[in-house]
Amino acid sequence: MIDNPNEKISEFTVRRLSNYFRILNDLEKRGIPTVSSARLAELGGITSAQVRKDLSYFGNFGTRGLGYKVSELKDCLLYTSDAADEEDS
């Protein structure tokens, strides 16, 4: 599901992805359907530009002014994580 499979994802980005997943999981449990990059950044202790850059590895998510669909983004991160685990095996 990586948008550009030839582009290597940094270790720092991979670490942040697991943090995004935890945040998204919490938001989903609380019934929050969408989240902005600014809110993800606030919850993750980074900048919104970094969130957008990290997520851009996986395609175009979110809608300007509306944010990201929590469940869709969470599923994508889970799928990507599962695929990476399979490659490591």
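Of the candidates T13, D54, L43, Y20 forms a side chain to side chain contact (heavy atoms under 4.5 Å, CB included) with just one, namely D54.
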S37 and Y68: side-chain contact (heavy atoms from CB on, under 4.5 Å), yes or no, with the steps?
CA-CA 8 Å; S37 57; Y68 302 95; 3.8 Å; yes

Using the rule given for side-chain contact (heavy atoms from CB on, under 4.5 Å), can you reason through L24 versus L40, listing the C-alpha separation, both sets of side-chain angles and the distance that settles it, and then say yes or no?
CA-CA 8 Å; L24 292 166; L40 266 177; 4.3 Å; yes

What's the verdict on side-chain contact (heavy atoms from CB on, under 4.5 Å) for L66 and T34, showing C-alpha distance, side-chain angles and the deciding distance?
CA-CA 7 Å; L66 296 177; T34 59; 6.0 Å; no

Audit row: V51, T47, side-chain contact (heavy atoms from CB on, under 4.5 Å) steps and yes/no
CA-CA 7 Å; V51 169; T47 67; over 6 Å; no

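Note that NZ of K69 is 12.0 Å distant from CG of D75, once rounded to the nearest 0.5 Å. The distance from the OG atom of S10 to the CZ atom of R16 is 5.5 Å, given to the nearest 0.5 Å. Expressed to the nearest 0.5 Å, how far CG of L73 lies from CG of L27 amounts to 10.0 Å.
Between N19 and R22 the shortest side-chain heavy-atom distance falls below 4.5 Å.
The shortest non-hydrogen separation linking K74 to N25 is NZ-OD1, 3.1 Å. Looking at every heavy atom in both residues, S48 comes nearest to A41 through N-CB, 3.4 Å.
Between R30 and D26 a salt bridge is recorded (basic side-chain N to carboxylate O distance below 4.0 Å).
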